[in-house]
Amino acid sequence: MTKVVFRAKNIKKHFGYVKAVDGISFELAEGECIALAGDNGAGKTTVVKLISGVYKATSGEMVFNNQTVDFQSPEEARCEGIETIYQDLALANNLTIGENIFLGREPMKKVLGFIPVLNRETMAREAKKVMEILDFHTDRFKDAVSGFSGGQRQAVAIGRAVYWNAKILIMDEPTAALGVPEQKKVLQLVKRLKKQGHAILFISHNLHDIFEVSDRIIVMHQGKIAGERKISHTHSDEVVRLMIKGE
């Protein structure tokens with residue numbers, strides 16, 4: 001039986017009188033990709049920030065690995081195994097693949113027995129290993145990521161999450177601003193991550209992408225869940241109707 005790794009139970013987030021998220025509940029299991037869809041202002045981004053520790057819920061409960069959690073910061077959520085890959089990727093353009101994967105958690109070595117310096121060899125070696133897991137092959141581990149394509153940079157951000165053993169990957173518009181060939185590569189990465197047992201929350205406006213990689217879709221409308229469907233039991237017209245009118 002597939003293990004449920006995350007549960008949201010009647011989560012609400014209010015900003016004064018504005019109910020950005022108004023009582024949503026859902027589950028996410030290992031090896032499953034759930035799409036979160038909705039028009040602008042539907043509450044998708046707020047849900048992401050609640051799960052990733054940016055916001056604290058007004059009420060409700062979040063359960064991760066059978067433990068009730070109340071993350072105080074994104075760093076705390078990451079340490080527990082929840083990684084968020086935002087559209088802007090949060091990569092340091094002037095650093096290499098390995099330096100980006102270890103950003104803020106760099107391994108050190110000692111020169112002359114006492115001088116601490118960055119262990120770039122370890123970072124490059126470990127980066128190569130994790131990128132090969134994602135079927136990403138390159139010999140440019142000494143190059144800054146600014147010279148890589150959008151799809152390659154997306155792979156680096158995903159590789160960072162995988163290396164640090166993320167149980168849940170939240171992917172916010174991962175194919176936005178990519179060309180069609182690179183979109184396909186990113187979607188292939190998502191499918192590979194599912195097979196490796198990662199739970200994925202996939203936020204996108206692109207229904208084609210959603211139907212290709214997701215197992216279920218949760219449609220939000222005005223802060224509430226307008227509908228939840230198995231991908232195999234719905235179609236784009238129904239999804240659009242839920243996005244516009246609600247259930």
Side-chain angles (χ1 to χ4, degrees), residues 1-9 11 24-37 44 47-48 50-53 61-69 71 74-86 89-90 97-98 100-103 105 125-137 151-175 183-204 206 209-218 228-233:
M1 186 175 179
T2 306
K3 178 185 175 183
V4 173
V5 294
F6 179 83
R7 289 184 177 90
K9 299 181 178 180
I11 298 295
I24 68 166
S25 300
F26 66 91
E27 296 181 347
L28 180 59
E30 286 181 343
E32 181 182 38
C33 178
I34 291 181
L36 194 61
K44 305 185 304 298
V47 171
V48 169
L50 287 168
I51 297 173
S52 61
E61 182 183 24
M62 292 191 297
V63 179
F64 178 51
N65 279 341
N66 294 319
Q67 299 280 337
T68 299
V69 293
F71 299 129
E75 182 179 2
E76 186 177 332
R78 284 195 299 269
C79 288
E80 291 297 322
I82 298 177
E83 290 274 356
T84 305
I85 301 169
Y86 291 105
L89 302 180
I97 294 175
N100 268 286
I101 287 174
F102 285 91
L103 191 62
R105 297 177 271 199
R125 183 177 64 251
E126 294 301 306
K128 184 176 181 180
K129 288 180 183 178
V130 73
M131 297 312 290
E132 285 178 349
I133 291 173
L134 299 176
D135 200 27
F136 177 98
H137 304 281
Q152 290 172 324
R153 288 161 51 80
Q154 188 70 252
V156 172
I158 293 170
R160 178 171 59 194
V162 170
Y163 183 82
W164 294 105
N165 198 30
K167 301 295 188 299
I168 296 177
L169 278 79
I170 303 173
M171 306 182 73
D172 186 8
E173 300 286 355
T175 60
Q183 288 178 11
K184 291 182 178 179
K185 290 179 181 178
V186 171
L187 297 179
Q188 288 171 357
L189 280 177
V190 174
K191 293 175 182 177
R192 189 169 291 113
L193 292 167
K194 286 171 57 178
K195 290 181 179 178
Q196 294 169 3
H198 296 280
I200 301 168
L201 187 62
F202 188 87
I203 295 88
S204 180
N206 190 320
D209 292 354
I210 286 174
F211 275 82
E212 182 164 344
V213 300
S214 303
D215 301 291
R216 287 185 289 137
I217 181 170
I218 295 173
E228 180 176 338
R229 303 285 191 272
K230 288 184 177 181
I231 286 295
S232 58
H233 294 172

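As a basis for the values below, the full set of heavy atoms in this structure was taken, side chains included, without hydrogen atoms, waters or symmetry mates. Computed from a prediction, not measured in an experiment: that's the story for all the values here. Numbering of residues begins at 1 and proceeds along the displayed sequence.
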Practice task
Just do the salt bridge (Lys or Arg N to Asp or Glu O under 4.0 Å) check on Glu212 and Lys191 with the steps written out, would you?
Solution key: CA-CA 9 Å; Glu212 182 164 344; Lys191 293 175 182 177; 3.1 Å; yes
Handout entry: side-chain contact (heavy atoms from CB on, under 4.5 Å) evaluation trace for Gln154 with Leu189
Key = CA-CA 10 Å; Gln154 188 70 252; Leu189 280 177; 5.7 Å; no
Exercise for the section: Could you walk me through whether Glu83 and Val162 pass side-chain contact (heavy atoms from CB on, under 4.5 Å), step by step? Expected result: CA-CA 9 Å; Glu83 290 274 356; Val162 170; over 6 Å; no
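Minimum heavy-atom separation, Glu32 to Asp215: CA-OD2, 3.5 Å. Of all non-hydrogen atoms in Leu28 and Ile200, the two that sit nearest each other are CD1-O, 3.7 Å. When every heavy atom of Leu193 is checked against every heavy atom of Leu169, the shortest pair comes out as CD1-CD2, 3.9 Å. Among all heavy-atom pairs drawn from Val4 and Glu27, the shortest one is CG2-OE1, 3.7 Å. Minimum interatomic distance between Thr84 and Ser52 (heavy atoms only, all atoms of both residues): OG1-CB, 3.2 Å. Closest approach of Ala37 to Ile210, counting heavy atoms only: CB-CD1, 4.1 Å.
Formation of a donor-acceptor pair under 3.5 Å by the Arg229 side chain with backbone atoms of Ile217 is not found in this model. Listed for the Lys194 side chain is a donor-acceptor partner under 3.5 Å among the backbone atoms of Val213.
Between atom CG of residue Asn206 and atom CZ of residue Phe211 there is a gap of 11.0 Å, rounded to the nearest 0.5 Å. Taken to the nearest 0.5 Å, the OH atom of Tyr163 stands 14.5 Å off from the CG atom of Asn100. For the atom pair CG of Leu103 and CZ of Arg160, the computed distance is 6.5 Å after rounding to the nearest 0.5 Å. Residue Cys79 holds its SG atom at 6.5 Å from CZ of Arg105, rounded to the nearest 0.5 Å. The distance from the CG atom of Asn65 to the CD atom of Glu30 is 8.0 Å, given to the nearest 0.5 Å.
Ring geometry, Phe64 versus Phe71: the interplanar angle exceeds 60°, so the pair is classed perpendicular (tilted spans 30 to 60°).
Side-chain atoms of Thr175 and Asp209 form a donor-acceptor pair, as typed in the model, at a separation below 3.5 Å.
Contact annotation: the side chain of Phe6 approaches that of Ile51 to within less than 4.5 Å [non-hydrogen atoms, C-beta and beyond]. For the pair Glu76 and Val69, the minimum side-chain heavy-atom distance is 4.5 Å or more. Put simply, the side chain of Ile97 reaches to within 4.5 Å of the side chain of Phe136, judged on heavy atoms. Inter-residue side-chain proximity for Phe26 and Leu36 is flagged as unmet; no heavy-atom pair is nearer than 4.5 Å. Looking only at side-chain heavy atoms (C-beta outward), Asn165 and Lys167 come within less than 4.5 Å of each other. Met131 is not listed as a side-chain neighbour of His137, based on a closest heavy-atom distance of 4.5 Å or more.
Salt bridge annotation for Glu126-Lys129: present, with a cationic side-chain nitrogen under 4.0 angstrom from a carboxylate oxygen. Using a cutoff of 4.0 Å between basic side-chain nitrogens and carboxylate oxygens, Arg7 and Glu61 are not scored as salt-bridged.
Counting non-hydrogen atoms of neighbouring residues, nucleotides and ligands closer than 6.0 angstrom, the CD atom of Glu75 reaches no more than 12 such neighbours.
The cationic atom of Arg78 (NZ for Lys, CZ for Arg) does not lie both less than 6.0 Å from the six-membered ring centre of Trp164 and within 45° of the ring axis.
Here the rule is side chain to side chain contact (heavy atoms under 4.5 Å, CB included) with Ile203, and of Ile170, Ile34, Val47 only Ile170 fits it.
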